[in-house]
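Structure first, commentary second.
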Amino acid sequence: MTQQHPGTALVTGASSGIGALYAHRLAQRGYDLILVARSRERLNALASDISNRHGRAVEVLPADLNDHAALAAVEAKLREDASITLLVNNAGIGTHTPLLQSDVEQMTRMVDLNVTAPMRLAYAAAPGFVSRGRGAIINIASIVAIAPEILNGVYGGSKAFLLAFSQSLQHELAGKGVQVQAVLPGATATDFWATGGLPVENLDAGIVMRADDLVDAALLGFDRGEQVTIPSLHAAHEWDAYEAARRAMSGHLSSSAVASRYTTH
């Protein structure tokens, strides 16, 4: 029996780090690729390498997702190219700098890239996936989505949005042939840290995962149909208990009566 071609994967932030590794791994799995990042030169080099190694078709789409026109072009590609079956929302920036030492304009750009861009790209991709009954969205969030005290609050808030957005999409698109996975990496050995002002060499080596290991674990979680994948969490039951408590509490969050602890007697 001939194996079905998996289609085309569009990967943002694809020129280096986690995004480049996703591109290689997905090509190994038989996907053709559309690579999105700011640097045409780096994308061309990656595309050539992937084509030579894996023999897959690779399209380069240079775009700064903080630019409205460039983002709109990627949205149009997702709406119009019916070969696309997988969107990997990987592009993002972060910082460890506390609020009082942060520039609000830089924080606004972070929200645009970490929140607005993946939201708009998912909105562009999902209708086509649903109409074709086939597709998947992988959102690369972070452990700070559930532990916002660790780093800058705007960064944590942006990744909390991505987790909540993924969970909402999972609920809305259930039964429509669309898989949605949120990946929550911990500290990972990429240039993310240097870009944010804290080179990875300054971190405890015991908490830093190799990027290859992170992507391989995340894709295994994807194969297993996990809705949320946390590769560095060894005690999986802790997430299960956290999620079970959240879901149990969700049924008690709205009431016509004020909770007794807020009433005077």
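Note: hydrogens, waters and symmetry copies are ignored here, and every other heavy atom, side chains too, is used. For the single chain, residues carry numbers from 1 onward in sequence order.
E75 places no side-chain N or O within 3.5 Å of a backbone atom of A124 that could act as its donor or acceptor partner. At least one donor-acceptor pair closer than 3.5 Å links the side chain of S51 to the backbone N or O of A47. S83 places no side-chain N or O within donor-acceptor distance of the main-chain N or O of T8, the cut-off being under 3.5 Å. S260 places no side-chain N or O within 3.5 Å of a backbone atom of V258 that could act as its donor or acceptor partner. In this structure, the side chain of N152 does not engage the main chain of T95 through any donor-acceptor pair within 3.5 Å. A distance-only check finds a donor-acceptor pair linking the side chain of N52 to the backbone of S48 [under 3.5 Å]. In this structure a side-chain-to-backbone donor-acceptor pair under 3.5 Å is present from T85 to P6.
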H24 vs H54, test: side chain to side chain contact (heavy atoms under 4.5 Å, CB included). Steps then yes/no. CA-CA 8 Å; H24 274 289; H54 310 298; 3.5 Å; yes

For N89 and I140: C-alpha separation, side-chain torsions, deciding distance, then whether side chain to side chain contact (heavy atoms under 4.5 Å, CB included) applies. CA-CA 6 Å; N89 271 319; I140 307 300; over 6 Å; no

Dump the intermediate steps for side chain to side chain contact (heavy atoms under 4.5 Å, CB included) on Q181 and V183, then the final yes or no. CA-CA 6 Å; Q181 179 198 28; V183 179; 3.6 Å; yes

Verdict with reasoning, L253 to M249, per side chain to side chain contact (heavy atoms under 4.5 Å, CB included): CA-CA 7 Å; L253 293 176; M249 185 173 60; 3.7 Å; yes

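Hydrophobic clustering (ILVMFWY, side-chain heavy atoms < 4.5 Å, transitive): I50 and L219 are in one cluster. No continuous path of ILVMFWY side-chain contacts below 4.5 Å connects Y31 to L220, so the two sit in separate hydrophobic clusters. Both V88 and L21 belong to a single network of hydrophobic side chains, linked directly or stepwise wherever heavy atoms of I, L, V, M, F, W or Y lie under 4.5 Å apart. Note on I34 and V58: separate hydrophobic clusters, where clusters join Ile, Leu, Val, Met, Phe, Trp and Tyr whose side-chain heavy atoms are under 4.5 Å apart, directly or indirectly. No path of Ile, Leu, Val, Met, Phe, Trp and Tyr side chains, each step under 4.5 Å between heavy atoms, connects V74 with L33, placing them in separate hydrophobic clusters.
Minimum interatomic distance between S15 and L46 (heavy atoms only, all atoms of both residues): CA-CD2, 4.5 Å. Pairing each heavy atom of N90 with each of G13, the nearest pair is ND2-O, 3.0 Å. The minimum heavy-atom distance linking L163 with A182 is given by the pair CD1-CB, 4.0 Å. Among all heavy-atom pairs drawn from Q170 and V180, the shortest one is NE2-O, 3.1 Å. L87 approaches F129 most closely through the heavy-atom pair N-CZ, 4.3 Å. The minimum heavy-atom distance linking A122 with L169 is given by the pair CB-CD1, 4.3 Å.
For the residue pair N139 / S166, a side-chain donor-acceptor distance below 3.5 Å is found, with atom types taken as modelled.
In this structure, CG on L61 lies 9.0 Å from CG on L35, to the nearest 0.5 angstrom. Taking OG of S142 as the start and CG of N114 as the end, the distance is 9.5 Å to the nearest 0.5 Å. Taking CG of L10 as the start and OG1 of T12 as the end, the distance is 7.5 Å to the nearest 0.5 Å. Atom CZ of residue R134 and atom CD of residue Q179 lie 12.5 Å apart, to the nearest 0.5 angstrom. Taken to the nearest 0.5 Å, the CG atom of L233 stands 9.0 Å off from the CG atom of D240. Put simply, CG on L184 and OG1 on T229 are 8.5 Å apart, with the number rounded to the nearest 0.5 Å.
The environment of CZ in R246 is crowded: more than 12 heavy-atom neighbours from other residues, nucleotides or ligands sit within 6.0 Å. A 6.0 Å sphere centred on CZ of R38 holds no more than 12 heavy atoms belonging to other residues, nucleotides or ligands. Other residues, nucleotides and ligands place no more than 12 heavy atoms under 6.0 Å from the CD atom of E41.
Side-chain contact check for I150 versus I143: some heavy-atom pair is nearer than 4.5 Å. For the pair D213 and P231, the minimum side-chain heavy-atom distance is 4.5 Å or more. Side-chain contact between R29 and D223: present, with at least one pair of heavy atoms (C-beta onward) separated by less than 4.5 Å. Put simply, the side chain of I93 does not reach to within 4.5 Å of the side chain of Y155, judged on heavy atoms. Contact annotation: the side chain of R25 approaches that of D212 to within less than 4.5 Å [non-hydrogen atoms, C-beta and beyond]. Under the 4.5 Å side-chain criterion, counting only non-hydrogen atoms from C-beta, E59 is in contact with K77. Between V36 and V11, every side-chain heavy-atom pair lies at or beyond the 4.5 Å cut-off.
A side-chain contact (heavy atoms from CB on, under 4.5 Å) with M107 holds for exactly one of V154, D112, L99; it is V154.
Between R247 and E243, at least one side-chain nitrogen of the basic residue sits less than 4.0 Å from a carboxylate oxygen of the acidic one, meeting the salt-bridge criterion.
Ring pair Y123/F165 is parallel by interplanar angle, where below 30° counts as parallel and above 60° as perpendicular.
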